[in-house]
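Some notes on the structure that comes next.
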2 protein chains.
Amino acid sequence: MACDLCQLRRRTFFHQLSDEELSFVRSMKREQTTLSPDADILHTGETGKLFTLFAGWAYRYRDFPDGSRQILDFLLPGDLIGLQAAILPKTQYGVKALTAVSLCALDADMLDQMPERLPDLTRILLRSLMQDQRRTDGQLAFLGRRTAAQRMGYLLLELFDRLQRVGMTSDSWCQFPPQRRHLADALGLSGAHVNRSMADLRDSGLATLGNNVLVLLDRKRLETFAGYSAVDEGNRFIL
Amino acid sequence: MACDLCQLRRRTFFHQLSDEELSFVRSMKREQTTLSPDADILHTGETGKLFTLFAGWAYRYRDFPDGSRQILDFLLPGDLIGLQAAILPKTQYGVKALTAVSLCALDADMLDQMPERLPDLTRILLRSLMQDQRRTDGQLAFLGRRTAAQRMGYLLLELFDRLQRVGMTSDSWCQFPPQRRHLADALGLSGAHVNRSMADLRDSGLATLGNNVLVLLDRKRLETFAGYSAVDEGNRFIL
DNA sequence: CGTTTTTTTGAGAGCCATCAAGCATTGTGG
DNA sequence: CCACAATGCTTGATGGCTCTCAAAAAAACG
């Protein structure tokens with residue numbers, strides 16, 4: 001599919017590319033791929049690859065020698081995959097498809113030309129990186145200081161809001177493909193306790209999760225419980 | 001002190017600015033300040049301020065309604081303070097001086113001109129941001145998955161390496177101003193348990209901390225214990 | 001030298017991990 | 001369409017790590 005026909009980038013959430021920017025992006029575009037759930041998008045240590053995620057969920061993770069794994073981030077449509085790997089020599093993370101995904105492979109080397117050729121887009125990239133940092137700040141803060149159920153609630157709200165921005169929610173529910181083990185690896189919990197935490201949220205009438213569907217039963221109260229507050233992100237970068 | 005006389009930026013660890021870049025940075029520079037320990041450098045929510053830290057330690061933190069606090073990051077000489085605040089509308093973090101600090105106030109608005117005027121410097125900024133992200137990835141991973149003593153060891157090693165790059169270490173020891181409560185807030189532990197963790201490290205002959213001095217007694221073994229491995233960072237951005 | 005702050009140490013409680021077993025769901029081949 | 005296996009979810013019991021509270025020791029400060 002051609003870039004200028006892509007529905008995703010039409011969303012107001014994203015920076016609307018000028019003709020010049022769009023032609024630059026088109027020239028970066030290499031190929032479009034589809035992968036099945038659990039497929040590796042980026043192996044740990046692999047470098048120089050860059051993708052835009054157009055459909056589906058993925059996650060960025062880091063493996064430990066003892067076999068455990070930390071999910072650093074979930075990736076949703078519109079997110080860039082592998083920027084760190086494109087810029088730094090040795091990456092220390094991998095990226096896997098969580099659902100079936102459709103990707104757009106990009107020529108990472110052309111990033112170098114961006115500041116000169118597309119200063120506006122460069123500024124927006126910087127802003128998006130600051131947004132990412134802010135989100136990570138929130139993660140760090142609630143990982144260190146909150147109970148399992150609160151962390152759970154926070155993660156659910158954050159994902160819901162991100163999904164909403166790319167039009168993947170209805171009123172108060174959405175498709176939610178992550179399994180227990182993904183949530184466990186993201187929150188630093190055991191799979192068993194993820195379950196207990198979700199049971200807490202359900203019994204308190206805050207949120208339920210079943211059949212790959214997340215329902216926010218009482219968003220206001222869940223926000224209070226989890227210490228979450230939505231942030232207006234402003235426009236975001238997309239390639 | 002004039003920028004071109006500054007000793008800190010001469011370190012090979014930092015990108016050596018060209019004449020053009022240096023004159024740009026000079027024109028951004030507003031004033032030089034000195035603050036005492038515990039002084040606020042950036043209040044939570046304050047925006048549009050930008051500093052370079054030239055001497056001393058500071059930390060970036062986020063407060064919770066319940067009074068607890070998470071330290072997101074320690075800031076060392078050469079680090080930029082307030083980039084998020086300069087670019088995004090509402091910041092959700094504050095920055096405080098940990099020791100006496102000396103700062104250089106910069107005109108944040110001039111950042112906008114950087115892509116056009118100094119594309120090389122912009123690329124280096126991007127790389128530094130990716131390095132920061134990689135470091136944060138490590139933090140997230142060990143916060144979620146490691147015991148108190150391991151997290152402690154990891155943090156100590158990371159800080160030691162960062163200090164080394166700016167010449168603030170001797171062989172296997174360094175000045176180490178953070179107090180128990182700072183470490184506690186950084187690691188998501190109670191002050192009491194920080195102490196127990198440090199006692200563990202001391203009793204195992206890995207590291208000791210006393211009188212504001214950190215000594216790495218057996219770096220190799222500490223790295224293994226904490227699951228830390230040093231990363232070659234490459235040159236870093238400085239303003 | 002007294003006061004305040006920080007560090008150290010102890011006892012008890014709570015949260016969450018681990019282990020293990022039963023249940024539900026999905027997929028497969030007959 | 002059903003039997004069966006495989007996978008993931010749920011739930012309980014036990015134990016370990018870390019918190020909280022509290023008080024004493026040490027250090028920093030004026």
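Chain letters run A, B, ... following the sequence lines, proteins first and then strands; every chain starts at 1.
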Report the distance from atom [atom1] of [X] to atom [atom2] of [N], rounded to the nearest whole Å.
X: Asn212(B); N: dA28(D); atom1: CG; atom2: P; result: 8 Å
X: Leu209(A); N: dG8(D); atom1: CG; atom2: P; result: 15 Å
X: His193(A); N: dT11(D); atom1: NE2; atom2: C1'; result: 13 Å
X: His182(A); N: dT7(D); atom1: NE2; atom2: C1'; result: 13 Å
X: Arg146(B); N: dC17(D); atom1: CZ; atom2: P; result: 14 Å
X: Asp38(B); N: dC29(D); atom1: CG; atom2: P; result: 12 Å
X: Gln150(B); N: dC17(D); atom1: CD; atom2: C1'; result: 12 Å
X: Gln179(B); N: dT5(C); atom1: CD; atom2: C1'; result: 9 Å

Charged N to carboxylate O below 4.0 Å: is that the case for [X] and [Y]?
X: Arg60(B); Y: Asp137(A); result: yes
X: Asp161(A); Y: Arg219(A); result: yes
X: Asp132(A); Y: Arg236(A); result: yes
X: Arg196(B); Y: Asp203(B); result: no

Sub-4.5 Å side-chain heavy-atom contact between Thr52(A) and Leu80(A): yes
hbond_proxy Arg196(B) side chain to dT20(D) base (donor-acceptor, 3.5 Å cutoff): yes
Taking dC16(C), dT20(D), dA17(C) as options, the one with an atom nearest any side-chain atom of Thr147(A) is dC16(C)
Among the nucleotides dT7(C), dT9(C), dT18(D), which one has an atom lying closest to any side-chain atom of Arg180(B)? dT7(C)
Are OP1 or OP2 of dT6(C) and a side-chain N or O of Arg181(B) less than 4.0 angstrom apart? yes
Indicate whether OP1 or OP2 belonging to dT18(D) is found under 4.0 Å from a side-chain N or O atom of Arg151(B). yes
Looking for any heavy atom pair under 4.0 Å, which part of the strands does Gly188(A) touch: base, sugar-phosphate only, or nothing? sugar-phosphate
Using heavy atoms to find the nearest nucleotide of DNA chain D for Asn195(A) and Arg145(A) separately, return the residue whose nucleotide is more 5′. Asn195(A)
